[in-house]
Each structure stands twice: as structure tokens, then as C-alpha cells.
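Since the structure comes first, as C-alpha cells, the remarks are kept for the end.
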Amino acid sequence: MVDEEVVQRPSLSEIRKQYEEELHFQDDRAAAEYAYALAVRLREIGLTDEARRFAAECLQLAERLPSKTLDDVVSTRQSVGGVPLPDHFHDGVVRARLADLLSEA
């Protein structure tokens, strides 16, 4: 019999706090990743309006990130806030993955 380790996802308030800290320290990549995690998690629980806000903030941050080379866009973390990150994190991927949240105002 194999014991499975239960991985607890951080709370939404913990992710929001980390997002705010990254914004404060002007780490656009980390802030974009946390905004992405918030958008996904909020969408999962049906808080669509709030998810849309974080999706828009994620896209705005992602548009400011360098994206000229593969090294610029390769994700350095597998997940943030309990949400798997795309292998390549840039504005095009954000638009595709969060399209349902970005399509309506």
C-alpha cells in the first residue's frame, strides 16, 4: 500500500498577499504568475467577476515581460498557488489560457 501525500493548496488570501507583495517589489513576472493563479482558482469556484479582474491584471503584467527569446518565456516554476503554470509564460499563452475571462468586460 502506497501512502499518498496530501498536498494542501494555499488559501486565496495567501495567494492575494503574495501577489500584492510581488507588485510592491515590482517583480512583474512573479506578480503575473500569482495573478494567473488567482484567476484560475477564482474561476474554479465560480467567482467569475473577480477572476476576470485578475486575468486582466495578469495579461497587463505579462505584456510588459521580455519575450524575445525562449529563455525569456520559459517558466522557472512548475506551479504557483496550487495552479500549474504553462511551460512557457507570456502574453499569448495568458490570452489563450484565460480567454473565457478576458473576452467579456
Side-chain angles (χ1 to χ4, degrees):
M1 187 168 178
V2 177
D3 285 336
E4 287 188 33
E5 184 179 328
V6 177
V7 177
Q8 183 124 7
R9 288 166 63 162
S11 70
L12 288 171
S13 63
E14 291 171 312
I15 301 169
R16 278 188 188 100
K17 181 181 178 197
Q18 191 64 45
Y19 169 71
E20 295 294 334
E21 286 179 15
E22 300 300 353
L23 279 178
H24 176 74
F25 290 110
Q26 298 179 347
D27 185 339
D28 287 346
R29 173 173 278 285
E33 291 171 346
Y34 279 103
Y36 179 85
L38 283 164
V40 170
R41 295 272 306 269
L42 290 163
R43 176 175 59 192
E44 288 174 355
I45 60 172
L47 295 175
T48 309
D49 289 339
E50 198 171 355
R52 281 189 179 112
R53 179 185 138 223
F54 284 104
E57 290 179 23
C58 177
L59 180 58
Q60 184 179 29
L61 289 161
E63 288 174 336
R64 296 195 309 233
L65 297 175
S67 61
K68 294 196 183 324
T69 69
L70 189 57
D71 285 341
D72 288 339
V73 299
V74 169
S75 293
T76 57
R77 300 188 269 187
Q78 290 185 335
S79 69
V80 168
V83 174
L85 290 177
D87 292 335
H88 300 96
F89 192 87
H90 55 82
D91 60 324
V93 171
V94 169
R95 277 188 193 89
R97 298 276 179 101
L98 302 178
D100 61 315
L101 297 173
L102 295 166
S103 63
E104 297 180 28

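- For the atom pair OG of Ser103 and CG of Leu98, the computed distance is 10.5 Å after rounding to the nearest 0.5 Å.
- Considering every non-hydrogen atom in both His90 and Ala62, the closest pair reads C-CB, 4.3 Å.
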Inset, instruction - Let me see the working for Phe54 and Ile15 under side chain to side chain contact (heavy atoms under 4.5 Å, CB included), right down to the final yes or no. - result: CA-CA 12 Å; Phe54 284 104; Ile15 301 169; over 6 Å; no
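- Of the N and O atoms on the side chains of Gln18 and Glu14, not one donor lies less than 3.5 Å from an acceptor on the other residue.
- The same ILVMFWY cluster, assembled from side-chain heavy atoms under 4.5 Å apart, contains both Val83 and Leu85.
- When every heavy atom of Gly82 is checked against every heavy atom of Pro10, the shortest pair comes out as N-CD, 4.0 Å.
- Side-chain contact check for Arg16 versus Leu38: some heavy-atom pair is nearer than 4.5 Å.
- At a threshold of 4.5 Å between side-chain heavy atoms, the hydrophobic network of Ile, Leu, Val, Met, Phe, Trp and Tyr places Val93 and Leu70 in two separate groups.
- Scanning all heavy atoms of the two residues, the minimum distance from Ala35 to Tyr19 falls at CB-CE1, 3.6 Å.
- One hydrophobic cluster holds both Val80 and Ile45 under the rule that ILVMFWY side chains link at heavy-atom gaps under 4.5 Å.
- Heavy-atom contacts from other residues, nucleotides or ligands closer than 6.0 Å to CD of Glu50 number more than 12.
- At distances below 3.5 Å, not a single donor-acceptor pair connects side-chain atoms of Arg43 with backbone N or O atoms of Leu101.
- How far OH of Tyr34 is from NZ of Lys17: 11.5 Å, rounded to the nearest 0.5 Å.
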Legend entry - salt bridge (Lys or Arg N to Asp or Glu O under 4.0 Å) between Arg53 and Glu57, worked out: CA-CA 6 Å; Arg53 179 185 138 223; Glu57 290 179 23; 3.0 Å; yes
Inset, instruction - Check step by step if side chain to side chain contact (heavy atoms under 4.5 Å, CB included) holds for Phe89 and Cys58. - result: CA-CA 11 Å; Phe89 192 87; Cys58 177; 4.0 Å; yes
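- Counting non-hydrogen atoms of neighbouring residues, nucleotides and ligands closer than 6.0 angstrom, the CD atom of Glu44 exceeds 12 such neighbours.
- For the pair Ala55 and Ala39, the tightest heavy-atom approach, listed with the atom from each and the gap, is N-CB, 3.7 Å.
- Between Leu42 atom CG and Thr48 atom OG1 the span is 9.0 Å, to the nearest 0.5 Å.
- Sorted by first and then second residue, the salt bridge (Lys or Arg N to Asp or Glu O under 4.0 Å) pairs involving residues 29-40 (not counting sequence neighbours) are Arg29-Glu33, Glu33-Arg77.
- Rounded to the nearest 0.5 angstrom, Arg52 CZ and Asp100 CG are separated by 8.0 Å.
- Within the structure, the salt bridge (Lys or Arg N to Asp or Glu O under 4.0 Å) test picks out the following pairs touching residues 83-95 (sequence neighbours left out): Glu63-Arg95, Asp91-Arg95.
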